[in-house]
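Data first, discussion second: the structure below is written as structure tokens.
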Amino acid sequence: MYRTHTCGELRLSNSSQEATLSGWVQRVRNLGAMTFVDLRDRYGITQLVIDDESSEELKSLVAKLGREYVIQAKGVVRERSSKNNKIPTGEVELEVKEITILNESVIPPFTIEDESDGGDEIRMKYRYLDLRRNPVRNNMILRATMAHHIRNYLNGKQFIETETPVLIKSTPEGARDFIVPSRMNQGEFYALPQSPQVFKQLLMVAGFDRYYQIVKCFRDEDLRADRQPEFTQIDCEMSFVEQDDILNTFEGLTRYLLKEMKNVEVDEFPRMPYSEAIERYGSDKPDIRFGMEFNDISETVKGNNFKVFDDAEYIGAICAEGCATYTRKQLDGLTNFVKKPQIGAKGLVYVKCNEDGSFKSSVDKFYSQEDIKKWADQCDAKAGDLILVLSGDKGHTQNALCELRLEMGNQLGLRDKNVFKPLWVVDFPLLEWDEDAKRFHAMHHPFTSPKAEDYHLLETDPGKVRANAYDLVINGVEIGGGSVRIFDSELQSTMFSLLGFTKEQAEYQFGFLMNAFKYGAPPHAGIAFGFDRLASLFAGLDSIRDVIAFPKNNSGRDVMIDSPSIIATEQLDELSLKLEVKED
RNA sequence: GGUGGCGUAGUUCAGUUGGUUAGAAUGCCGGCCUGUCACGCCGGAGGUCGCGAGUUCGAGUCUCGUCGUCACCGCCA
């Protein structure tokens, strides 16, 4: 028997009991005549003592111990003469009679402690060592606990957890597919699923009624802190439901998770049309932990011979409470922020609302105090506030103002990680114009149903058609999204033609689905949550890498196993593949 | 595909206008130490300054390229 107890288990009540522990050597403190060893496992740390009366054999064994050696220690639990109230086992120690070195360890490249000395790069390379550290392991435990609660909730609502294939068919819409060559079908390829979309709809045709799956999805696109090439979705679909049924069910799940995981209770989630989210926050995933909403002051500010504003399609202002005291340096900082190429504003106009009721702006040459008073009134600005104004074409300016608003939220500490403000963004556009391809593509996916009241626009003004599509947004993070599906093969054909598919292409790509719809498809709708994003949000982290046991880096590489890698010529031959690696 | 940050001891970092022998902390090794728990004290080892070119009397420092890594833009139905 390797152990009778874990390293987090022994207490004063175990005093004078014999115990055997196994674990990793965290640290050895040699005081000369006596030596303390901190023994660590997943559950905690227990102090071992080897004192002067111990056998020479034991003492020489202890002298050999190094960090991360795996050992087994047998002895008797006793009360410490000087206690450590920082750890749960701090009142006792194990008086060691016998030690067995189960495995030696070379010196680890960084310290295995809560506050490690190692940087990201080296910890990723030795991820198995990093995972020994409490903060990292706790993130994995949080993830596992979350999965448990999700299953618990959905199982309780009669959802059937169903696995769907990982080797599927490549489709032209959406992200790039990861491709897998087929040996048995030479010259043909599988694709890894970007999501189990069509399968879950087929499960609805199959009458499963309620399906879910916590499932890996794959997208071959460039990565970010919140994007990995393989990621996990909570994927769901329901039959005989309308949009509200989905929203209510998954608002329930989200609320249940917030309660179980964070002990947070939140109000009913607001439901905001997409167009309103853009007008008020310049984003389809607004962070509503704080206000600072947009004010369209275009009509108020035009006509004063200030060319920048007079020529602008849109002039938007936000009001930063209490920031009238911002220094020249801080304002220059904000100007530089919005002028960064990624944000792309030409400049920034500010108005300081002074305590004495006067205004100081960067455009005083063009506007009187009375003019600016109107801006302030429109922005609900009080004395002491700072109004920030961006102008230009509507889309870019809203986007830049959104970034500025978030930056101000950060600077003012308004984005507290312990506050959770979810909302539903609804009524997304059905289609999005693709300037490069000169055609529409589906904003959500090609199976999303248009709103019935917008059907008449399908032929005349497709860009204006709204969809029965919705996103769950928490704290400015897109947690998930879904839609009410098309379940009529006629309407589905119309959609495909709007998206520029010929009948033949549609048949080749999605014939199986349209065929299935001929056999009595029920009305259905679904949603998918980004499991990694939700976990990182609950863990208070900015990167989903921290809630993935073995993540990939920015370039899609696993630096631990060093993948991807080249393969043997024999393997290529077997697949009838020939490489032609592009130069430059 | 693009923009920017970073790359110096095992690790995390400092390194002045470009100027002698590149430092600190921590880790590691050795010695001392009977109540430590970030033990303490004394001593020691440890460097292709990512790589390659260039400028210069002289480059860790400046320039260009390249590789790695991170963040972002494009991209991600």
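The sequence lines fix the lettering, A, B, ..., with proteins before strands; numbering per chain opens at 1. In this text, all values refer to a predicted model and were calculated from it rather than measured experimentally.
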(request) Using atom CG of A:Asp38 as one end and atom P of B:U36 as the other, report the distance to the nearest whole Å. (result)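 Value for this atom pair: 13 Å.
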(message) What is the separation between atom CD on A:Glu221 and atom C1' on B:C73, rounded to the nearest whole Å?
(response)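 Atom-to-atom, A:Glu221 to B:C73, this comes out as 14 Å.
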Would you mind classifying the nucleic acid contact of [X] as base, sugar-phosphate or nothing, using non-hydrogen atoms under 4.0 angstrom?
X	answer
A:Val559	sugar-phosphate
A:Arg78	base
A:Arg123	nothing
A:Lys83	base
A:Ile107	sugar-phosphate
A:Glu478	nothing
A:Asp120	nothing
A:Gln47	base
A:Lys86	sugar-phosphate
A:Ser195	base
A:Met34	base

(message) How close do A:Gly8 and A:Thr46 get, counting heavy atoms only, and between which atoms?
(response)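 Closest approach of A:Gly8 to A:Thr46: N-OG1, 4.3 Å.
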(request) Using Watson-Crick or G-U wobble geometry with both distances below 3.5 Å, tell me the partner of B:G7, or none. (result)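 Check on B:G7: paired to B:C67, both distances under 3.5 Å.
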(message) Under a 3.5 Å cut-off for both contacts, is B:G58 paired Watson-Crick or G-U wobble with anything, and if yes, with which nucleotide?
(response)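 Its partner: none found.
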(message) Whether A:Arg40 and A:Glu68 form a salt bridge (side-chain N of Lys/Arg under 4.0 Å from carboxylate O of Asp/Glu) is what I want to check.
(response)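 Between A:Arg40 and A:Glu68 there is a salt bridge, with a charged N closer than 4.0 Å to a carboxylate O.
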Taking atom types as they are modelled, is there a donor-acceptor pair under 3.5 Å from the base of [N] to the side chain of [X]?
X	N	value
A:Arg27	B:G27	no
A:Arg29	B:C33	no
A:Glu93	B:G35	yes
A:Arg219	B:C76	no
A:Asp222	B:G74	yes

(request) In whole angstrom, give me the gap between the P atoms of B:U55 and B:C13. (result)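 Comparing P positions in B:U55 and B:C13 gives a spacing of 34 Å.
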(request) Sticking with atom C1', work out how far B:G65 lies from B:C73, rounded to a whole angstrom. (result)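 Those two atoms are separated by 24 Å.
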(message) Heavy-atom nearest nucleotide on RNA chain B for A:Arg545 versus A:His441: which residue maps closer to 5'?
(response)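 Going by which nucleotide is closer to the 5' end, it is A:Arg545.
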(message) Less than 6.0 angstrom from the centroid, inside 45 degrees of the normal: does A:Lys200 satisfy that with respect to the ring of A:Tyr212?
(response)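 No; the conditions do not both hold, so A:Lys200 does not lie above the ring face of A:Tyr212.
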(request) Look at the side-chain N and O atoms of A:Arg80 and state whether any lies under 4.0 Å from the OP1 or OP2 oxygen of B:C37. (result)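 For A:Arg80, the contact criterion (side-chain N or O under 4.0 Å from OP1 or OP2 of B:C37) is not met.
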Between the protein and nucleotides 4-10 of chain B, are there any N/O to N/O pairs under 3.5 Å, and if so, what are the atom names and distances?
unit_1	atom_1	unit_2	atom_2	d
B:G10	N2	A:Asp117	OD2	3.3

